[in-house]
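To start, the structure itself, in structure tokens.
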Amino acid sequence: MIQQAEKKGLYINGSWVQQEEQEFFKSINPATEEVVGYCAAATTSQVDDAVESARLAFKKWKNTTLPERAQFLWKAAKAFEEKKEFLAQMMTKEMGKVVAESLGEVGVVIETCKYMAGEGRRLFGETVGAGAENRHIMMVREPVGVVACITPWNFPVSLAGYKILAALISGNTVVWKPASEVALSAQIFTDIFHEIGLPKGVLNLITGSGSKVGAKLAEHNDVKVISFTGSTEVGIKLSETAAKTLKRVALELGGKNAVIVLKDADLKLAAEAIVKAAFTTTGQRCTAASRVIVESEVKDELLNRVVSLTQQLKAGNGLESGIDIGPLTNKQQLETVEKYVALAVEQGAVIECGGKRLASERGYFFEPTILSNVKNEAVVAQEEIFGPVLAFIEVNSFEEAIDVNNDTIYGLSTSLFTNSLYYANRGAKEIESGLVYINNGTSNAELGVAFGGTKQSGNGHREVSHHAFEVMTEWKSIYTTY
Ligand code: NAP
Ligand code: MG
């Protein structure tokens, strides 16, 4: 039984707080169904407190020098290094991914701290030739104010890092609302900034349901930016709410990512990349491959290779060694995946492997599943499943492959496997995705490279790179006559 004292509450204005009758919700381990811990469900007045704390802190923080802000990020990088193992274990306990992946993710946060610390020095302005004598014009980037970061559970800390660190280095203050499934990991992340002495109010953490706490942030007059990663459905809702107060909104949303394999491709290379892209993080990545669009001539060989590699994957508790694939993050996800597979079969798909829950006493495990004979019109080929399900769609030409790839509401990530320079270049041009990979999987994000999707995978903003400053800063044009 967890004692009240171990329940951390909310992080507002530099300390962990809770009110007398604070309600708490459980964080559940999806591999064991055990309670990992309890997190505070913020009330709307506590959301107000967090925003007010960030609003007041902004007045000072925006005037700190860039090297000073960067120092906090360098210190955070070191502190994340020291807490790497502890944080990674918590992430795996809360959302199920194998611990090697969690460790890798903390590594990404460490690198993002360093990257953003450096990028701070490059928040360049512009000068423009004036149209009058004795006039000098310069344009400078200024921070916007309180940034609300709302994040999903599939990457508990790296997605938050991309947003929070970009906001902080450019002089904004932050209220963070992480997904409830990973609220304890968010506490560890936040505690690191407490320990390194980040000034109070600069980063605030509030936990609780999205529909209550997240929605309140979107309505709040003093929140100037919403940086959101999550489902397209919630992204649209947030945009609608935010429009009423003219907030800036940056959205990273869902995907229906495909790997296109042409008949001249290296099929061994393609198969390995497909299995990794489809089943890492149990398919719960916005960039996970959920469709293989393959030319008929090589379909059988590619399918055999992919099925054989998939059957070697070992599912289980991500904290144990030798495990390749963890559970789905919650029961609802498991049920959703199950429904999609049943529907796929109803619509003519053939299960090549997997297709059912794993025979285990506990945990939300689903076998990695490959479906063949999937038609482009089938629901399973159109909707984001967010689970370990991969659909094979056969096509008869490069042109048909591109048409099928582009025929979804999403446009996040597409891979193309070919040895033809001609088709590689045409693919790069004709694929409607924010991320295009030639001869590697759909799920790669390198720091410094703009990350995000077209169509309903986002609203045109990019992050993971300096492009995040486009939403985190505002231009001021200064005319001086001398
Ligand atoms: P989600 O249901 O949209 O939730 C994301 C976050 O929004 C959570 O913190 C959630 O809080 C909060 N939220 C829910 N309803 C809200 C509302 N009405 N107002 C304000 N906030 C609200 O997504 P998820 O299930 O956590 O994550 C999976 C989705 O994220 C997938 O669609 C995936 O493709 C997408 N994703 C996209 C990217 C990308 O970079 N493009 C990366 C990763 C994931 P609670 O859950 O605590 O209620
Ligand atoms: Mg959980």
Side-chain angles (χ1 to χ4, degrees), residues 25-28 39-42 44 47 94-95 97 105 108 148-163 175-186 205-220 223 226-242 247 249-257 280-290 328-330 332-333 336-337 383-387 408-413 433-435 442-445 450-465 468:
F25 60 90
K26 289 174 191 162
S27 171
I28 304 286
C39 315
T44 49
V47 177
E94 282 196 289
M95 60 69 68
K97 68 170 71 171
E105 191 183 333
V108 170
C149 299
I150 304 178
T151 51
W153 42 256
N154 63 336
F155 285 93
V157 294
S158 61
L159 300 178
Y162 296 144
K163 298 173 189 309
V175 178
W176 178 23
K177 203 314 268 176
S180 302
E181 277 85 356
V182 292
L184 297 166
S185 304
L205 175 74
I206 51 168
T207 49
S209 84
S211 56
K212 192 172 163 190
V213 173
K216 170 80 187 168
L217 281 172
E219 288 163 12
H220 207 296
V223 170
I226 297 177
S227 182
F228 172 81
T229 297
S231 60
T232 296
E233 190 192 345
V234 174
I236 291 170
K237 260 192 220 165
L238 282 171
S239 299
E240 285 170 354
T241 311
K247 287 180 183 39
V249 183
L251 305 172
E252 293 293 342
L253 308 174
K256 190 67 198 171
N257 315 298
T280 309
T281 326
T282 321
Q284 303 170 115
R285 285 184 170 205
C286 55
T287 52
S290 65
L328 287 147
T329 290
N330 56 43
Q332 197 192 332
Q333 283 282 118
T336 304
V337 169
E383 293 183 12
E384 183 182 48
I385 301 173
F386 225 55
T408 79
I409 60 166
Y410 298 109
L412 187 55
S413 178
S433 293
L435 305 164
T442 53
S443 197
N444 269 289
F451 181 92
T454 60
K455 302 198 285 191
Q456 290 193 29
S457 292
N459 64 343
H461 289 283
R462 296 291 184 265
E463 58 185 17
V464 188
S465 59

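Numbering of ligands and ligand atoms starts at 1, following listing order. All heavy atoms count here, side chains included; hydrogens, waters and symmetry mates do not.
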State which residues pass side-chain hydrogen bond (donor to acceptor under 3.5 Å, both in side chains) with [X]; sequence neighbours excluded, sorted by chain then number.
X      : result
Thr207 : none
Glu463 : Lys163
Trp176 : Thr151

Note to self: What's the separation between atom CG in Leu251 and atom NE2 in His461, rounded to the nearest 0.5 Å?
What the structure shows: 7.5 Å
Item checked: Value rounded to 0.5 Å, distance of SG in Cys39 from CD1 in Ile206 -> 13.5 Å
Margin query: Whether the Glu105 and Ser158 side chains hold a donor-acceptor pair (N or O, under 3.5 Å, no angle test) is what I'd like checked.
Written below: yes
Next item on the list: Identify, chain by chain and in numerical order, each protein residue with a heavy atom under 4.0 Å from an atom of ligand 1.
Entry: Ile150, Thr151, Pro152, Trp153, Asn154, Leu159, Lys177, Pro178, Ala179, Ser180, Gly208, Ser209, Gly210, Ser211, Gly214, Ala215, Phe228, Thr229, Gly230, Ser231, Val234, Leu238, Glu252, Leu253, Gly254, Cys286, Glu384, Phe386, Leu412, Phe451
